[in-house]
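Data block below; observations after.
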Amino acid sequence: MMKIIMGCDHGGFELKETLKKVLIEKGYEVEDYGIHKQERVDYPDYAQKVGEAIASGKGDQGILICGTGIGMSIAANKVKGVRAALCNDCYSAAKARQHNNANVLCMGARVLGPGLAQEIMEAYLNASFLGSYHEGRVEKIMALEK
Ligand code: RB5
């Protein structure tokens with residue numbers, strides 16, 4: 001079963017807790033890098049922690065949640081090896097895996113309701129990279145890191 005590493009700031013805390021329960025119920029292995037209580041923090045710190053863990057192979061997929069998902073995705077994409085996708089709809093979530101081979105899903109808790117956020121997460125986790133001609137494009141993205 002896939003190992004998921006989660007992180008959030010104060011804007012995403014409640015939704016992270018909700019989605020973590022869903023993942024555990026579904027049998028995923030979940031590691032939670034915080035926050036663990038409602039407190040004001042800086043989202044780049046959590047994007048970095050989760051991003052580095054995913055880039056170094058400590059987990060299969062990362063999930064980062066802040067108020068909009070924007071700050072988390074900008075910050076996570078600065079970590080080498082991370083392909084973070086901000087998805088606020090199910091179609092984009094599936095395509096992020098299929099076409100872009102994303103390894104971190106970012107969502108905005110102040111944008112989404114919990115029901116839609118769960119469906120987005122499921123669409124993302126249930127999809128997989130299609131390879132083929134998408135491979136070369138993703139390689140070109142990764143070459144931008146050099
Ligand atoms: C925190 O207030 C908020 O700025 C943060 O959660 C996020 O939306 C940043 O992109």
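In listed order, ligands and their atoms are each counted from 1. Given the structure is predicted, the values throughout are model-derived calculations rather than measurements. Throughout, residue positions are numbered sequentially from 1 according to the sequence presented.
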Residue pairs fulfilling salt bridge (Lys or Arg N to Asp or Glu O under 4.0 Å) with at least one residue in residues 119-146, sequence neighbours excluded: Lys26-Glu122

Tabulation required: pairs of a nitrogen or oxygen in ligand 1 and a protein nitrogen or oxygen under 3.5 Å; columns are atom names and distance to 0.1 Å; otherwise 'none'.
| residue | atom | partner | partner atom | Å |
| --- | --- | --- | --- | --- |
| ligand 1 | 2 (O) | Arg110 | NH1 | 3.3 |
| ligand 1 | 6 (O) | Asp9 | OD1 | 3.4 |
| ligand 1 | 6 (O) | Asp9 | OD2 | 2.6 |
| ligand 1 | 6 (O) | Gly67 | N | 2.7 |
| ligand 1 | 8 (O) | Gly67 | N | 3.3 |
| ligand 1 | 8 (O) | Thr68 | N | 2.9 |
| ligand 1 | 8 (O) | Thr68 | OG1 | 3.2 |
| ligand 1 | 10 (O) | Thr68 | OG1 | 3.2 |
| ligand 1 | 10 (O) | Gly71 | N | 2.8 |

Checking Lys95 side chain against Asn100 main chain: does a donor-acceptor pair fall under 3.5 Å? no

Tracing side-chain contacts under 4.5 Å among Ile, Leu, Val, Met, Phe, Trp and Tyr outward from Leu19 reaches Met1, Met2, Ile4, Met6, Leu15, Val22, Leu23, Ile24, Tyr28, Val30, Ile63, Ile65, Leu105, Met107, Val111, Leu112, Leu116, Ile120, Met121, Tyr124, Leu125

Is the backbone of Asp89 close enough, under 3.5 Å, to the side chain of Ser92 for a donor and an acceptor to pair up by distance? no

Residue pairs involving residues 38-62 (criterion salt bridge (Lys or Arg N to Asp or Glu O under 4.0 Å); sequence neighbours excluded): Lys37-Glu39

Are any side-chain N or O atoms of Arg97 and backbone N or O atoms of Phe129, one a donor and one an acceptor, separated by less than 3.5 Å? no

